Amino acid sequence: MIYITEFTTQKSLRLRLFLEGKPSFIIHEGKLDWKELKRNHLDINQLQQLLRSKDVFSLRDVEYAILEPNGSISILKKQEADKPTYKDFNLKITKRMVPLTIISDGEVIMEHLEESGMDYKGLIKRLNERNISSVKEVAYAVWESDKDLFLQVY
């Protein structure tokens with residue numbers, strides 16, 4: 001049954017809208033759409049809770065809010081309430097990398113160590129500089145390209 005439903009929703013837009021629902025604009029150009037709130041059985045307290053989950057604590061900061069078919073909310077803040085970006089301040093943008101866990105529960109994750117560009121001897125040297133004599137003493141260590149090695153010992 002699930003396979004048939006999934007197949008049909010991929011092939012037919014009308015069936016997709018019927019089975020999965022469609023998004024609803026509950027705030028449009030900064031104004032609440034009471035009809036959409038009612039149609040979706042949503043009261044103001046529930047809306048405020050959904051907004052807070054998106055770090056929005058005032059309705060006046062929202063230009064558009066869309067209630068998604070899965071019950072989550074997507075928002076577009078008003079420009080004056082939006083956070084500034086690096087581009088806004090003309091700051092240099094650097095390539096971001098995901099932090100790599102190097103040590104977890106006293107065990108070195110060799111794949112991540114190699115990916116960081118560090119070798120085992122270099123890791124031990126860094127640990128010794130912090131008066132840590134063994135990898136087994138480290139509960140957690142994470143490496144980020146633009147920061148020093150972050151360690152938590154037992």
Side-chain angles (χ1 to χ4, degrees), residues 1-13 15-17 19-30 40 42 45-154:
M1 186 66 150
I2 293 172
Y3 176 76
I4 292 170
T5 305
E6 196 62 36
F7 181 78
T8 356
T9 57
Q10 289 177 5
K11 298 294 179 186
S12 170
L13 179 61
L15 281 174
R16 183 180 319 145
L17 293 175
L19 294 172
E20 295 179 356
K22 66 176 189 163
S24 299
F25 279 87
I26 52 179
I27 298 177
H28 183 79
E29 294 180 352
N40 287 288
L42 196 65
N45 291 335
Q46 292 169 320
L47 174 59
Q48 287 176 312
Q49 181 182 359
L50 289 168
L51 290 172
R52 285 192 302 269
S53 73
K54 294 290 188 173
D55 296 327
V56 175
F57 292 86
S58 175
L59 289 172
R60 80 175 66 161
D61 293 339
V62 180
E63 189 73 29
Y64 293 95
I66 303 168
L67 183 64
E68 303 293 353
N70 67 1
S72 67
I73 192 169
S74 301
I75 61 164
L76 178 64
K77 291 182 184 178
K78 291 181 178 176
Q79 281 187 335
E80 61 268 16
D82 212 358
K83 295 177 184 175
T85 64
Y86 273 72
K87 188 176 179 182
D88 294 334
F89 290 118
N90 294 322
L91 296 173
K92 181 183 175 190
I93 298 172
T94 58
K95 183 181 177 188
R96 292 175 135 181
M97 295 193 63
V98 176
L100 298 172
T101 303
I102 303 294
I103 301 173
S104 180
D105 293 325
E107 299 285 328
V108 177
I109 302 171
M110 292 305 290
E111 179 182 334
H112 291 179
L113 184 66
E114 291 168 6
E115 196 173 331
S116 73
M118 208 182 329
D119 62 358
Y120 190 78
K121 286 182 182 181
L123 175 63
I124 297 301
K125 181 182 175 193
R126 287 185 181 199
L127 295 178
N128 290 337
E129 289 170 356
R130 296 183 185 188
N131 297 322
I132 299 171
S133 58
S134 169
V135 173
K136 300 284 183 202
E137 295 176 37
V138 180
Y140 177 74
V142 66
W143 176 85
E144 293 182 65
S145 61
D146 57 342
K147 297 178 182 164
D148 196 21
L149 188 66
F150 175 77
L151 298 168
Q152 292 283 312
V153 294
Y154 287 107

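Predicted, not measured: the structure shown is a model, and the values here were computed from it. Positions are given from 1 along the sequence. What's counted below: heavy atoms across the whole structure, side chains too, no hydrogens, waters or symmetry copies.
- The pair Arg130-Asp148 meets the salt-bridge criterion, with a side-chain N (NZ, NE, NH1 or NH2) lying under 4.0 Å from an Asp/Glu carboxylate O.
- Checking side-chain atoms of Ser24 against main-chain N and O of Ile26 turns up no donor-acceptor pair under 3.5 Å.
- For the atom pair CE of Met110 and CD1 of Ile102, the computed distance is 9.5 Å after rounding to the nearest 0.5 Å.
- The shortest non-hydrogen separation linking Ser116 to Leu100 is N-CD1, 3.9 Å.
- Atom CG of Asp105 and atom OH of Tyr140 lie 11.5 Å apart (nearest 0.5 Å).
- Other residues, nucleotides and ligands contribute more than 12 heavy atoms inside 6.0 Å of the CZ atom of Phe57.
- With a 4.5 Å cut-off on side-chain heavy atoms, Asp61 and Ile75 do not count as touching.
- The closest donor-acceptor contact from the side chain of Asp82 to the backbone of Gln79 lies at 3.5 Å or more, if one exists at all.
- More than 12 heavy atoms of other shown residues, nucleotides or ligands fall within 6.0 angstrom of atom NZ in Lys78.
- Between the side chain of Lys54 and the backbone N or O of Ser74, no donor-acceptor pair lies under 3.5 Å.
- Side-chain contact check for Glu137 versus Tyr154: every heavy-atom pair is 4.5 Å or farther apart.
- The minimum heavy-atom distance linking Tyr86 with Lys92 is given by the pair CD2-O, 3.8 Å.
- Nearest heavy atom pair, residue Leu50 against residue Ser53, reads O-OG, 2.5 Å.
- Note on ring orientation: taking the six-membered ring where Trp is involved, the planes of Phe7 and Tyr3 are parallel (angle under 30°, cut-offs 30° and 60°).
- Of all heavy-atom pairs between Val135 and Leu127, the closest is CG2-CD1, 3.9 Å.
- Annotation: side chain of Phe25 is in contact with side chain of Ile66 (closest heavy-atom distance under 4.5 Å).
- Gly106 approaches Lys136 most closely through the heavy-atom pair O-CD, 3.8 Å.
- With contacts defined as side-chain heavy-atom distances shorter than 4.5 Å, the pair Glu63/Lys77 does not qualify.
- One distance of note links NZ of Lys125 with CG of Asp119; it measures 10.0 Å at 0.5 Å rounding.
- Atom CD of Gln48 is separated from atom CG of Leu59 by 6.0 Å, given to the nearest 0.5 angstrom.
- In this structure, Gln10 CD and Thr8 OG1 are separated by 9.0 Å, a value rounded to the nearest 0.5 Å.
- Taking CD1 of Ile93 as the reference point, atom NZ of Lys87 lies at 8.0 Å (rounded to 0.5 Å).
- For the side-chain contact (heavy atoms from CB on, under 4.5 Å) with Leu47, the lone residue among Leu67, Asn40, Ile73, Val62 that qualifies is Ile73.
- Heavy-atom neighbours of Glu144 CD from other residues, nucleotides or ligands within 6.0 Å: above the threshold of 12.
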